[in-house]
*Asks:* 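I'd like to ask you about the structure that follows.
As the structure is a computational prediction, the values presented were derived from the model and not from experiment.
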Amino acid sequence: MKYLIFSDTHGDRTEFQAILNHYQNNPEIASIFYNGDSQFESDDPIWENVHVVLGNMDPFASDYPIENIYKNKIDNIIIYQTHGHLAYINNGFEKLDRLAERYHANIVLFGHTHVILAEKYNGKLFINPGSTTYPRGPRRSIGGTYVILTVSKTEFIVEYFSRNFKEISFLRQVFSR
């Protein structure tokens with residue numbers, strides 16, 4: 001199965017909606033995850049069928065959850081999703097890893113840093129899709145990014161895509177389960 005993961009659009013509704021429109025009716029996409037900092041209200045209809053968490057730039061006093069747990073028995077995965085700011089992700093994976101461990105997650109989704117990342121840590125796959133709107137880090141010249149995660153019985157495939165829906169092939173990573 002495939003999972004769409006994006007984050008940190010910071011009010012860019014046009015880009016956000018374009019990504020949703022491109023994938024929302026795709027039967028290959030099992031679930032859609034948004035890792036915070038949309039700056040949209042939590043009751044916005046845009047969130048229909050999207051797993052979303054609170055970002056540090058989202059409206060104050062909104063009803064976004066701080067974290068989500070997603071389980072898919074077919075894929076035998078547990079995904080822990082949070083924005084990352086409350087787990088002090090800028091200081092490393094340790095706190096985020098402990099939070100995910102409470103749920104026995106094998107995949108951890110986060111945003112906040114705007115820096116693309118797919119890395120195994122302490123037996124879990126950590127994924128930051130970067131930002132579609134304000135990319136940062138050493139690969140920011142690529143432009144805005146999001147991720148399609150493919151899960152099979154033996155591996156996780158992380159593919160990064162540009163804002164124009166083209167795969168950035170040199171960023172593709174394959175991890176054993």
Side-chain angles (χ1 to χ4, degrees), residues 1-8 19-20 22-24 26-36 49-53 65-132 135-177:
M1 295 188 156
K2 295 183 181 220
Y3 302 90
L4 170 63
I5 306 159
F6 66 122
S7 188
D8 294 281
I19 292 170
L20 285 182
H22 191 79
Y23 291 101
Q24 220 160 19
N26 183 331
E28 292 184 338
I29 302 295
S31 285
I32 299 172
F33 295 89
Y34 186 80
N35 298 339
N49 300 317
V50 177
H51 301 278
V52 60
V53 291
I66 292 169
E67 61 186 4
N68 277 328
I69 310 306
Y70 172 89
K71 297 179 182 182
N72 186 313
K73 291 182 181 185
I74 295 169
D75 279 339
N76 192 31
I77 60 168
I78 300 173
I79 295 175
Y80 177 81
Q81 177 193 23
T82 193
H83 184 59
H85 64 297
L86 298 174
Y88 307 107
I89 194 60
N90 289 332
N91 297 328
F93 292 149
E94 293 78 17
K95 183 168 184 178
L96 188 53
D97 183 54
R98 284 193 307 275
L99 293 169
E101 189 64 37
R102 295 178 304 164
Y103 304 100
H104 307 287
N106 49 357
I107 299 170
V108 179
L109 305 180
F110 67 100
H112 187 58
T113 66
H114 297 213
V115 178
I116 59 175
L117 176 131
E119 184 177 317
K120 277 276 193 104
Y121 178 83
N122 202 19
K124 298 169 197 66
L125 177 60
F126 283 69
I127 299 173
N128 185 331
S131 169
T132 57
R136 294 181 188 148
R139 298 215 163 132
R140 70 182 171 273
S141 63
I142 293 169
T145 56
Y146 63 91
V147 163
I148 300 288
L149 170 65
T150 303
V151 176
S152 75
K153 289 184 187 328
T154 59
E155 61 190 12
F156 299 124
I157 301 169
V158 178
E159 297 168 291
Y160 282 87
F161 288 81
S162 67
R163 288 173 58 119
N164 62 358
F165 314 113
K166 303 290 184 206
E167 182 186 354
I168 306 166
S169 58
F170 71 91
L171 293 178
R172 184 179 196 267
Q173 291 179 271
V174 179
F175 299 89
S176 60
R177 287 193 64 170

*Asks:* Within the structure provided, determine whether K124 and H104 are in side-chain contact (heavy-atom separation under 4.5 Å).
*Replies:* no

*Asks:* Looking only at heavy atoms, what is the nearest atom pair of S7 and G36, with distance?
*Replies:*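 Looking at all heavy atoms of both residues, the closest pair is OG-O, 3.5 Å.
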
*Asks:* Where do T82 and L96 come nearest, in terms of heavy atoms and distance?
*Replies:* CG2-CD1, 3.4 Å

*Asks:* With no hydrogens and no angle check, is any side-chain donor or acceptor of T145 less than 3.5 Å from a backbone partner on P129?
*Replies:*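 At least one qualifying donor-acceptor pair exists.
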
*Asks:* If you compare all heavy atoms of I79 against all heavy atoms of A105, which two are closest, and at what distance to 0.1 Å?
*Replies:* C-CB, 4.4 Å

*Asks:* Please report whether the ring centroid of Y70 lies less than 6.0 Å from that of H51.
*Replies:*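 Yes: the rings meet the under 6.0 Å criterion.
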
*Asks:* So do N26 and K2 actually touch side chain to side chain, heavy atoms under 4.5 Å?
*Replies:* no

*Asks:* Shortest non-hydrogen contact from N72 to I74?
*Replies:*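 Result for this residue pair: OD1-N, 2.9 Å.
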
*Asks:* Going by the angle between their ring planes, with limits at 30° and 60°, are Y103 and Y80 parallel, tilted or perpendicular?
*Replies:*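 Rings of Y103 and Y80: parallel, as their planes differ by under 30°.
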
*Asks:* When you measure from the side chain of R172 to the backbone of E167, do you find a donor-acceptor pair of N or O atoms at a distance under 3.5 Å?
*Replies:* no

*Asks:* For F6, run the ring-ring contact (aromatic ring centres under 6.0 Å, His included) check against Y23, Y34, F33 and tell me which one passes.
*Replies:* Y34

*Asks:* Does a side-chain heavy-atom distance below 4.5 Å link I168 with I142?
*Replies:* yes

*Asks:* Is it the case that the side chains of Q24 and N49 hold a donor-acceptor pair, with the cut-off being a distance below 3.5 Å and no angle test?
*Replies:* no

*Asks:* With a 4.5 Å heavy-atom cut-off, do R163 and I19 have their side chains touching?
*Replies:*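 Counting from C-beta outward, R163 and I19 never come under 4.5 Å.
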
*Asks:* Please check if the side chain of K120 supplies one atom and the backbone of S176 the other of a donor-acceptor pair under 3.5 Å.
*Replies:* yes

*Asks:* Determine whether more than 12 heavy atoms belonging to other residues, nucleotides or ligands lie under 6.0 Å from atom NZ of K71.
*Replies:*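 Not buried by this count: 12 neighbours or fewer within 6.0 Å.
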
*Asks:* Would you say N68 and V52 make side-chain contact, with heavy atoms under 4.5 Å?
*Replies:* no

*Asks:* ring-ring contact (aromatic ring centres under 6.0 Å, His included) with F161: which residues, sequence neighbours excluded?
*Replies:*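 In terms of ring-ring contact (aromatic ring centres under 6.0 Å, His included), with neighbours along the sequence ignored, F161 is linked to Y146.
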
*Asks:* State whether the side chain of R140 and the backbone N or O of G137 hold a donor-acceptor pair below 3.5 Å, judged by distance alone.
*Replies:* yes

*Asks:* Please check this pair: side chain of N106 against backbone of I78, looking for a donor-acceptor N/O pair closer than 3.5 Å.
*Replies:* yes

*Asks:* Which atom pairs, donor and acceptor, lie under 3.5 Å between side-chain atoms of residues 107-119 and protein residues at least two apart or in another chain?
*Replies:*
from: H112; atom 1: ND1; to: N56; atom 2: OD1; distance (Å): 3.1
from: H112; atom 1: ND1; to: H83; atom 2: NE2; distance (Å): 3.3
from: T113; atom 1: OG1; to: V115; atom 2: N; distance (Å): 3.2
from: T113; atom 1: OG1; to: N128; atom 2: ND2; distance (Å): 2.9
from: H114; atom 1: ND1; to: Y134; atom 2: O; distance (Å): 2.7
from: H114; atom 1: NE2; to: D8; atom 2: OD1; distance (Å): 3.2
from: H114; atom 1: NE2; to: H10; atom 2: NE2; distance (Å): 3.1

*Asks:* Any donor and acceptor pair, going by atom type alone, linking the side chain of E67 with main-chain N or O of A100 inside 3.5 Å?
*Replies:*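 Side chain of E67 to backbone of A100: no pair is present.
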
*Asks:* Please name the pair of heavy atoms, one in I157 and one in E155, separated by the smallest distance, quoted to 0.1 Å.
*Replies:*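 The answer is CD1-OE2, 3.6 Å.
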
*Asks:* Under 6.0 Å between the ring centres of F175 and F156?
*Replies:* no

